[in-house]
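See below for the structure under consideration.
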Amino acid sequence: MEATAIAPPKNRPASDEYEREPVPQRALKGPGKFWGMYAGEHAAGTEFMIGPLFLLAGVSLQNIFFGLLFGNLMAVLSWRYVCAPIAIKARFTLYQHLEKIAGKWLVLVYNLANGLLFCFLAGAMITVSATAVGIPFDMPMPTTSDLFPNSALFVIIVIAVGLVIALVASLGYDTVAKFANIASPWMVLVFLACGIVAFKQLGAGSWEELNSIWSESILFAQEGENQSTMGFWSVFIFAWFCNAAMHVGMADLSVFRFARKASSGWATTAGMYVGHYMAWVAAAFMLAAQIKLNQDANPVPGPMASNVAGLAGIVCVIVAGWTTANPTIYRAGLAFQAMVQTVFPNVSRFWTTFAAGLIATAAGAFPAFAWQLLGFVGLYGTILAPMGGVIFFDWYFRKRDATTFQSLVPESSFNLAVLLAWLIPVAPSFYLIVYRGYTAVNFVLPCWLITGLLYQAFSKQTKTA
Amino acid sequence: MITAFRLVSLLGLALTLIPSILFAIDSLSLENVKTSMTIGMLLWLVSAPVVQGLKQKLPDASH
């Protein structure tokens, strides 16, 4: 999982980030920068949760291996052929790009949705970190049946972790970003080492034995039921769209606007096959090993990592959670600041970021957000990715080119065609997901397509009128 | 100076990964794996920021 870049603060002076202008030729970067960045950013604290959740959902090993192989490939292709080509031509952030199409007021609404979803994602990361911090304090670990806080100590540790993250993010997360870059090669190797140790602990000498041990783990975790709620296509779709907001949703326009060529989009291969393949499989093996050795199917990242890697595993969980929660809260703060500034122009980023941190901390005290991570990232993609459909259809069907688009003045400050095109598919999908229990990730692609098509249709009607 | 710190950071990464491979081929106990990984972590987290800092200072020095 990765957090996305959104609106820059309005009071920030023009900087090397080119937040309010197209990235100039002299600031472009070669592909090497992107490979390292994606490998690190997708080795996040939430990876420790997602792999084990596959086991709990009863997914077969074969479906995990092949579903992730092809699903991640589709995600890479989405970055390479949907997001990167537009990014290297327009060279704007998502915020700037969308503002030219949808108008600044509608972008603010989008940012509010973005900011709130960021807070809940950061909340899950705080929960993950808290399970590692709680080990030396003998904290009773939350279980998958705990939707609410399971002990006062858990709440205290979540608040402590959350407040530190909120405060650091509010003060500016440059130091943490630097630390994240330094820690990421080590974190990737810890994930790999955890996977190797856990695989050895499973004691499988052949594919058949591994399959048999895996099935026994599922049987134990599901208390004798052995039912799979996810097949090949579910894993495939999940792997493809768990970062939908970033690729088809175009949030990574903000990243690839610095790329010399669209081929830099291939760099996402590092993130997908290191973070969303190796790390997920390693984390799934860690839970299977824990079940085999301790008869414990509780997928709590701290103890799982401690079992196979000791102190290094515990620190990795804390660092992985912390370094990804921090920028997530920072960006949520920026989104809230952009909203609040419409009423209170002088509101400081410190307080909006701190408020975002407090919301994330409150969410982190509810383990339900971490246990429901598979569903949550699907909901996140369903709500945010369709705006990428607007950008895609606008770019190709209106035959945009860099020069005219960069000088384009928004037709209105609140484009009703975009709002309707966004809400018509997303609102009923939200209802079906949240209130009727449908699988969220299945709605991403239909919503993206319908939003893009409706935007085309409504825009034509507006022009004709 | 930078070469020395680079070697230490590489040693840190080696001590993070190699013990797990030795454990997989029954050449190291799990306790020793955990101890080696802790040492590897400390070496990496101490040396890598220094390498990063020295690398950033090099262009300034050339000015």
Side-chain angles (χ1 to χ4, degrees), chain A residues 36 39-40 43 132 135 174-205 210 274 278-279 282 285-286 289-290 292-294 303-320 322-323, chain B:
Chain A
I135 291 175
D174 283 357
T175 310
V176 177
K178 280 179 191 162
F179 181 67
N181 287 338
I182 286 165
S184 62
W186 168 77
M187 282 195 298
V188 167
L189 290 188
V190 173
F191 271 109
L192 182 58
C194 286
I196 293 170
V197 171
F199 181 78
K200 172 67 180 173
Q201 287 177 328
L202 289 176
L210 184 62
V274 170
M278 182 274 286
F285 281 165
M286 283 158 68
Q290 181 180 281
K292 187 182 177 191
L293 298 177
N294 305 336
M304 278 196 317
S306 172
N307 286 343
V308 292
L311 184 61
I314 295 173
V315 173
C316 182
V317 172
I318 296 170
V319 170
W322 187 42
T323 52
Chain B
M1 185 73 163
I2 193 167
T3 312
F5 276 101
R6 262 198 188 130
L7 284 173
V8 173
S9 59
L10 282 176
L11 181 65
L13 290 184
L15 282 174
T16 301
L17 183 63
I18 293 171
S20 65
I21 298 168
L22 294 175
F23 174 74
I25 56 171
D26 294 320
S27 298
L28 201 66
S29 71
L30 184 59
E31 281 314 303
N32 286 335
V33 171
K34 290 178 180 178
T35 308
S36 306
M37 286 181 73
T38 303
I39 296 169
M41 172 186 75
L42 293 174
L43 290 180
W44 174 259
L45 293 181
V46 168
S47 60
V50 179
V51 173
Q52 192 91 338
L54 289 173
K55 271 163 75 179
Q56 282 171 354
K57 276 184 185 171
L58 283 177
D60 295 336
S62 67
H63 288 300

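Chain naming here is simple, since letters A, B, ... match the order of the sequence lines and numbering starts at 1 in each.
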Within the distance-only criterion (no hydrogens, no angle test), does the side chain of W44(B) pair as donor or acceptor with the backbone N or O of I182(A) below 3.5 angstrom? yes
Using non-hydrogen atoms and a 4.5 Å limit, figure out which bit of V319(A) sits close to chain B: side chain, backbone, both or neither. neither
Chain A contacts, top residue of E31(B), M37(B), K34(B) (heavy-atom pairs, under 4.5 Å): K34(B)
Working to the nearest 0.5 angstrom, can you tell me the gap between T38(B) OG1 and L311(A) CG? 4.5 Å
To the nearest 0.5 Å, atom CG of L192(A) lies from atom CD1 of I21(B) at 7.0 Å
Is there a side-chain contact (heavy atoms from CB on, under 4.5 Å) between F23(B) and I196(A) once you walk through the steps? CA-CA 8 Å; F23(B) 174 74; I196(A) 293 170; over 6 Å; no
Check each atom of L13(B) against the heavy atoms of chain A and say whether the ones under 4.5 Å are side chain, backbone, both or neither. both
